[in-house]
Amino acid sequence: MTPPAQARSVPGGDFISNLAGLETNMRLLKIFSVTLAFSALPLTAPAQQPTTQSEVEDKIMNREWEEMRFIRQYSPLVETYIQSYRPDKQQGSVPDGDKYFLGRADFSRGIDVVSLNDSQNKKKFLGSMGSFFAFGKEFLPEGFLQMIFVDPEGVNRGSYKFTYVRREFLGEVRCLVFDLTPYPKSGKWRFVGRIWVEDQDYHIVRFNGSYGPASLTKDYFSFDSWRVNDGKNQWFPAFIYSQQGDFQDLLTQSLGFKPFKAQTRLWGYSPGTTNSEQALTKVLVEGSVDGAGAANDFSPLLAERNWARQAEDNVLDTMERQGLMAPYGNVDKVLETVVKNLEVTNDLDIQPEVRCRVLMTSTLESFTVGRTIVLSRGLIDVLPNEASLAAIVAHELAHVVLGHRMDTQFGFLNHLRFDEKETFRHFGFTRTPEEERAANQKGAELLSNSPYKDQTKEARLFLQALTNRSKGIPNLISPHLGDRLPTSWNLAVASNDQTGEKKANANAQSDNSANAGNAIIALPLGGRIKIEPWSARLELLKSKPVGSVAEYEKLPFEITPFVLYLSRQGEPAAEIPAAAAAQADTNSRP
């Protein structure tokens, strides 16, 4: 990888020298107008800011070189989820197969990923013979990870031609937009597409395109890669949307492979450090030394509860340090509000108190770790409303109420000393069929006494949609740590016998036929939560209502593109001088 300062040059590589090689005065005028556009941009530090396109390009290339060296210091978690599609008369297309990969980025020997969810720790996951591609090609996890870099060998003047396009806002961040075109014979793995560059320090914050050239043995997918600011003038790769093929594409039809879409998320550049740092610096006031008369001793029952809580905390802390469990935050508080609603209306007083946490993965699963209810981020993402969320939470709360326990050997720290790759094999919170049936019945009882008792229809519709789509998304509904989501309708009714289950299924079918066309019964992935990539903190999305939704736009459990509202954390958005902005955009037009 060659730094920009040492990149080989091409004849006329300098911006001014290039003018001599132009054939017409009109092209001369266009290039000169671009230079004027840059000179009209507001400058926060006039003595240091570039004033010509050549200087801007140099700044971008050097920043990207620094960015690559900076990113390679870290080992974030990388999750890639892929769905293939088949045609559908009502929705245009629906999922027809999926693949899931979770791993840890490893830049020590280039671009590599260490698998966490593959039992054999393979570096690749198959596109299945004929399921994704007619020729049995393989999806490489490191191929998706590569998409965090514009060019793994660095962007340099000897390999790329820059073409200024326009100015554009991505959220609050003002950007310069360029098209990058690799020069002929500049090598393989070159990026062809568009970049967005924030105009204060010239970091690339988004790039959209593909690598190339392709060959018979390698395909390079189209992708849209985003970076997010962490508040320290550092931009971390966070989200990548990739797609290939379309049912309207004649080439897709002629080759016989199915189109696919994929989402790649990165998080945990600094896993498990935020809470520990806060605890280290927190000022604590000790209680009174004089404990005379106070009940400070633990009875055997309290000691047993304390030990179980210690095992529970050890598991949660371990998973948070690994980046698999989100730090406690606002999303957990929302879940705990639902728990409180269920507890109060059912006259429950559970000690120690029931807590809630969020597993970071996209897979749809829920389970309990002692008296902590855990829902995956992907599950929260696709739940359409609070009533559906309450149905899932009620089922897990029932496990707590019924006293279904976890392995308390995790109270010993030596049971938590294992290789990260063994996490999903080391931990397991599945329940016996008897425990699941009991939780179904108890969960239905809790719901029937709750504020959500008149809204169970939404939960039934959600579970019916999940059942209908299950064949097309088997990996999405395959849990890592708990049981599969209960898709039987006895979750939402008070009876658990055969007659009650048949009645529940009949009600679900009736609800589905009468209301599914008028309601959103499940959201796409990413419909509820956004991830802060540095610390893996979660926040609920604050999106605008979209009004009426067509049938083909509902996309339950499906992959959609990322469109981020970028901002500089901790810094107010700078105002743009209107005259300068208008002059720059006018001058840059051909």
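These values consider heavy atoms only, across backbone and side chains, with no hydrogens, waters or symmetry-generated copies. What you see is a predicted model; the values in this text were computed from it and never measured.
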Heavy-atom closest pair, residues Pro237 and Tyr269: O-OH, 2.6 Å

Side chain to side chain, Phe191 and Phe207, heavy atoms closer than 4.5 Å: yes

Ring centre gap for Phe149 and Tyr211 strictly below 6.0 Å: no

Phe139 vs Phe221, ring-ring contact (aromatic ring centres under 6.0 Å, His included): CA-CA, chis, key distance, verdict: CA-CA 10 Å; Phe139 290 106; Phe221 312 137; 5.6 Å; yes

Non-hydrogen side-chain atoms of Arg206 and Leu170 separated by less than 4.5 Å: yes

Where at least one partner belongs to residues 433-455, residue pairs that pass ring pair (Phe, Tyr, Trp, His ring centres under 6.0 Å), sequence neighbours excluded: none

Residues forming a salt bridge (Lys or Arg N to Asp or Glu O under 4.0 Å) with Asp407, sequence neighbours excluded: none

Any donor-acceptor N/O pair, Asp381 side chain to Leu525 backbone, under 3.5 Å: no

Short side-chain donor-acceptor distance under 3.5 Å, Thr80 and Thr264: yes

Polar contact flag, side-chain donor to acceptor under 3.5 angstrom, Tyr85-Gln243: no

Ser84 vs Asp98 side-chain heavy atoms within contact, under 4.5 Å: no

side-chain contact (heavy atoms from CB on, under 4.5 Å) between Val401 and Ile350, worked out: CA-CA 8 Å; Val401 173; Ile350 303 174; 4.0 Å; yes

Donor-acceptor pair between His480 and Asn117 side chains, under 3.5 angstrom: no

Stepwise side-chain contact (heavy atoms from CB on, under 4.5 Å) check, Leu140 with Val113: CA-CA 9 Å; Leu140 302 177; Val113 186; over 6 Å; no

Charged N-O contact under 4.0 Å between Lys442 and Glu445: yes

Parallel, tilted or perpendicular: ring planes of Phe562 versus Phe239, cut at 30 and 60 degrees: tilted

Distance-only donor-acceptor check, side chains Ser366 and Glu396, under 3.5 Å: yes

From Thr372 atom OG1 to Leu335 atom CG, the distance as rounded to the nearest 0.5 Å: 11.5 Å

Residue pair Arg86, Ser93: steps toward the side-chain contact (heavy atoms from CB on, under 4.5 Å) verdict: CA-CA 5 Å; Arg86 61 176 173 81; Ser93 63; over 6 Å; no

N/O donor-acceptor pair under 3.5 Å between Asp112 side chain and Asp106 backbone: no

OG on Ser115 to CG on Leu102, rounded to 0.5 Å: 7.5 Å

Asp317 and Arg321 ion-paired at < 4.0 Å: no

Trp267 (side chain) donor-acceptor with Gly323 (main chain) under 3.5 angstrom: yes

4.5 Å side-chain heavy-atom contact, Phe557 and Pro524: no

Nearest atoms (heavy-atom pairs only) where Gln263 meets Thr560: NE2-O, 2.8 Å

Test item: Arg528 side-chain N/O and Leu383 main-chain N/O as donor-acceptor pair under 3.5 Å: yes

Any donor-acceptor pair under 3.5 Å from Thr318 side chain to Asn314 backbone: yes

Rounded distance (nearest 0.5 Å) linking atom CG of Asn385 with atom CD1 of Ile520: 10.5 Å

Nearest non-hydrogen partners of Leu466 and Ile477, listed with the distance: CD1-CG2, 3.7 Å

Check: Ser362/Glu79 side-chain N/O donor and acceptor closer than 3.5 Å: yes

Electrostatic pair Arg355-Asp313, nearest N-O below 4.0 angstrom: yes

Glu320 vs Arg357 side-chain heavy atoms within contact, under 4.5 Å: yes

Arg431 side chain near Thr368 side chain, heavy-atom distance below 4.5 Å: yes

Distance-only donor-acceptor check, side chains Glu420 and Thr423, under 3.5 Å: no

Expected output: side-chain Asp419 to main-chain Lys421 donor-acceptor under 3.5 Å: yes

Nearest atoms (heavy-atom pairs only) where Gln83 meets Ile559: OE1-N, 3.3 Å

Gap separating the CG atom of Leu266 from the CD1 atom of Ile531, nearest 0.5 angstrom: 9.5 Å

Ser376 side chain vs Thr363 backbone, donor-acceptor pair below 3.5 Å: yes

Distance, nearest 0.5 Å, that separates OG of Ser242 from CZ of Phe260: 5.5 Å

Salt-bridge present (Arg469, Glu558; N to O < 4.0 Å): yes

Asp230 side chain reached by Phe236 side chain, heavy atoms, under 4.5 Å: yes

Flag if over 12 foreign heavy atoms under 6.0 Å of CZ, Phe418: yes

Asn440 versus Glu436, side-chain donor and acceptor atoms under 3.5 Å: no

Whether Tyr100 and Tyr81 hold their rings parallel, tilted or perpendicular, with breakpoints at 30° and 60°: tilted

Polar side-chain atom of Glu435 near backbone of Thr432 as donor-acceptor pair, under 3.5 Å: yes

Side-chain H-bond candidate by donor/acceptor type, Asn475 with Ser478, under 3.5 Å: no

Gln351/Asp349 under side-chain hydrogen bond (donor to acceptor under 3.5 Å, both in side chains): CA gap, chis, key distance, verdict: CA-CA 7 Å; Gln351 296 298 329; Asp349 182 17; 3.3 Å; yes

Approximate separation, where rounding is to 0.5 Å, of Gln409 CD and Leu416 CG: 11.0 Å

Close aromatic pair by centroid cut-off 6.0 Å: Tyr74 and Trp534: yes

Atom of Ala326, atom of Ala536 and distance for their closest heavy-atom approach: CB-O, 3.8 Å

Heavy-atom donor-acceptor pair, His426 side chain to His415 backbone, under 3.5 Å: yes

Pairwise side-chain contact, Met360 with Leu538, heavy-atom cut-off 4.5 Å (strictly under): yes

Audit row: Glu422, Phe427, side-chain contact (heavy atoms from CB on, under 4.5 Å) steps and yes/no: CA-CA 8 Å; Glu422 306 295 324; Phe427 288 144; over 6 Å; no

Least distance between heavy atoms, Ile148 atom then Arg227 atom: O-NH2, 2.9 Å

N-O pairing of Glu312 and Arg371 below 4.0 Å: no

